[in-house]
A.B. asks: 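Following this message is one structure expressed as structure tokens.
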Amino acid sequence: MTSVETSRLILRPCREEDRDLFYELSSDPAVLKFFPFRRSREDADAVFTMIRELTPEPGFDLLVMTLKRGGAAVGLCGLSKPQLQPHLPEGVVEIGWRISASHWRNGYATEAGMGLLHHAFETLKLEEVLSIAVHDNYPALAVMRKIGMDADPTGDFDHPQIPDTHPHLKRHVVYRLNATAWRSLRTRPAEG
């Protein structure tokens with residue numbers, strides 16, 4: 001089971017007690033502004049149960065972001081292998097996060113993203129990590145840039161799982177970071 005620690009967060013595998021958080025992040029209209037649908041309690045519970053029953057590949061658990069101070073669960077994050085061929089090559093690794101609206105603007109997504117990248121490149125020894133988002137999801141794109149990822153416009157695509165009833169959500173942009181660039185970022189002196 002994966003566990004990652006940052007200065008303010010512990011990223012740990014989902015537990016049964018996280019069912020309500022999963023429902024909140026699957027149903028809150030603010031959190032899901034760039035998603036085509038919200039889940040009912042019944043649907044969210046079914047998906048959560050399925051996730052809990054899976055045995056993920058080592059390093060690819062769905063992780064809960066918990067605050068070191070007080071232990072509150074504030075969001076979900078993790079690494080995954082999306083099945084979006086031919087838009088993304090088979091075997092690529094995606095980083096993603098979803099934060100409870102009550103905990104936005106605290107830098108938790110950026111901090112979790114940095115922790116996950118360290119895990120991806122230093123523990124899992126991955127060569128590259130990417131992230132995708134709806135083209136105008138500016139908060140997600142800002143996090144991607146803050147954690148060192150660069151836009152790859154040649155990879156942008158219309159997401160095949162977004163229904164035609166939501167054309168404004170179809171176009172997705174791709175950001176990438178490879179292990180060499182990650183190590184370069186980590187050794188670069190701080191600007192001041």
A.B. asks: Counting only heavy atoms not in Glu127, do more than 12 sit closer than 6.0 Å to its CD atom?
C.D. replies: no

A.B. asks: When you compare the side chain of Phe157 with that of Val173, does any pair of heavy atoms fall below 4.5 Å?
C.D. replies: no

A.B. asks: Can you see which heavy atom on Tyr23 is nearest to which on Ser40, and at what distance?
C.D. replies: CE1-C, 3.7 Å

A.B. asks: Under the side chain to side chain contact (heavy atoms under 4.5 Å, CB included) criterion, do Leu169 and His159 qualify, and how do the steps go?
C.D. replies: CA-CA 8 Å; Leu169 300 178; His159 201 299; over 6 Å; no

A.B. asks: List the steps, then state whether side chain to side chain contact (heavy atoms under 4.5 Å, CB included) holds for Trp182 with Met114.
C.D. replies: CA-CA 10 Å; Trp182 162 255; Met114 292 298 288; 3.9 Å; yes

A.B. asks: Quick one: does Asp158's side chain have a donor or acceptor within less than 3.5 Å of a partner on His172's backbone?
C.D. replies: no

A.B. asks: I need the minimum non-hydrogen distance between Leu177 and Ile147, along with the two atoms involved.
C.D. replies: CD2-O, 3.9 Å

A.B. asks: State, without any angle test, whether Thr2 and Arg12 hold a side-chain donor-acceptor pair at a distance under 3.5 Å.
C.D. replies: no

A.B. asks: Please name all residues satisfying side chain to side chain donor-acceptor pair (under 3.5 Å) with Lys33, sequence neighbours left out, ordered by chain then number.
C.D. replies: none

A.B. asks: Under 3.5 Å, side chain of Ser100 to main-chain N/O of His103, donor-acceptor pair present?
C.D. replies: no

A.B. asks: Set out, in order, the CA-CA distance, both residues' side-chain angles and the distance that settles salt bridge (charged side-chain N to carboxylate O under 4.0 Å, His left out) for Lys170 and Asp164, then state yes or no.
C.D. replies: CA-CA 8 Å; Lys170 277 191 151 321; Asp164 291 338; 3.5 Å; yes

A.B. asks: Could you state whether Phe22 and Leu25 fall into the same hydrophobic cluster, counting links through intermediate Ile, Leu, Val, Met, Phe, Trp or Tyr residues with side-chain heavy atoms under 4.5 angstrom apart?
C.D. replies: yes

A.B. asks: Indicate every side-chain donor-acceptor pair of residues 82-97 with a distance under 3.5 Å to a residue at least two apart or in another chain.
C.D. replies:
{"unit_1": "Gln83", "atom_1": "NE2", "unit_2": "Lys81", "atom_2": "O", "d": "3.2"}

A.B. asks: Check this for me, if you would: do Glu24 and Arg41 make a salt bridge, where the nitrogen-to-carboxylate-oxygen distance has to be below 4.0 angstrom?
C.D. replies: no

A.B. asks: For residues His118 and Val4, determine if any side-chain heavy atom of one lies less than 4.5 Å from a side-chain heavy atom of the other.
C.D. replies: no

A.B. asks: Check the hydrophobic clustering (I, L, V, M, F, W, Y; side-chain heavy atoms under 4.5 Å; chains of links allowed) and say if Phe60 and Val129 are grouped together.
C.D. replies: yes

A.B. asks: Looking at every non-hydrogen atom in both residues, tell me the closest pair between Gly59 and Leu79 and how far apart they are.
C.D. replies: O-CD1, 4.0 Å

A.B. asks: Evaluate Ser26 against Arg98 for side chain to side chain contact (heavy atoms under 4.5 Å, CB included), listing each step before the verdict.
C.D. replies: CA-CA 9 Å; Ser26 300; Arg98 199 178 294 181; 4.3 Å; yes

A.B. asks: Could you see if Leu76 belongs to whatever hydrophobic cluster contains Ile51? Use Ile, Leu, Val, Met, Phe, Trp, Tyr and a side-chain cutoff under 4.5 Å.
C.D. replies: yes

A.B. asks: What closest approach, in Å, do Val174 and Gly155 show between heavy atoms, and which atom pair accounts for it?
C.D. replies: CG2-O, 3.3 Å

A.B. asks: Would you confirm whether Asp61, through its side chain, and Leu63, through its main-chain N or O, come within 3.5 Å as a donor-acceptor pair?
C.D. replies: no

A.B. asks: Using every non-hydrogen atom in the two residues, find where Leu141 and Ala133 come nearest and quote the distance to one decimal.
C.D. replies: CD2-CB, 4.1 Å

A.B. asks: A side-chain contact here means heavy atoms from C-beta on lying under 4.5 Å apart; do Leu32 and Phe37 qualify?
C.D. replies: no

A.B. asks: With the side chain counted from C-beta on, respond yes when His166 and Phe35 share a heavy-atom pair under 4.5 Å apart, and no when they do not.
C.D. replies: no

A.B. asks: Check the pair Asp45 / Arg19 against salt bridge (charged side-chain N to carboxylate O under 4.0 Å, His left out), numbers first and verdict last.
C.D. replies: CA-CA 7 Å; Asp45 282 346; Arg19 189 173 290 273; 3.5 Å; yes

A.B. asks: Test of understanding: clusters of I, L, V, M, F, W, Y form through side-chain heavy atoms closer than 4.5 Å, transitively. Do Ile10 and Val64 belong to the same one?
C.D. replies: no

A.B. asks: Would you say Met144 ends up clustered with Met65 if hydrophobic residues are merged whenever their side chains have heavy atoms under 4.5 Å apart, either directly or through other cluster members?
C.D. replies: yes

A.B. asks: Can you find a heavy atom in the side chain of Thr66 that is under 4.5 Å from one in the side chain of Val74?
C.D. replies: no

A.B. asks: Just so I know, are the side chains of Pro13 and Leu62 near enough to count as touching, which here means a heavy-atom distance under 4.5 Å?
C.D. replies: no

A.B. asks: For atom CZ of Arg38, is the number of surrounding heavy atoms from other residues, nucleotides or ligands below 6.0 Å larger than 12?
C.D. replies: no

A.B. asks: Tell me, do Met149 and Arg176 make a side-chain contact under 4.5 Å, heavy atoms counted?
C.D. replies: no

A.B. asks: Please tell me if the side chains of Ile99 and Asn106 come closer than 4.5 Å, counting only heavy atoms from C-beta onward.
C.D. replies: no

A.B. asks: Please collect all side-chain hydrogen bond (donor to acceptor under 3.5 Å, both in side chains) contacts where either partner lies in residues 133-145, sequence neighbours excluded, each pair once.
C.D. replies: Arg145-Tyr175

A.B. asks: Should Arg8 and Leu67 be marked as a side chain to side chain contact (heavy atoms under 4.5 Å, CB included) after you check the CA-CA gap, both sets of side-chain angles, and the distance that decides it?
C.D. replies: CA-CA 6 Å; Arg8 299 179 296 163; Leu67 300 180; 5.5 Å; no

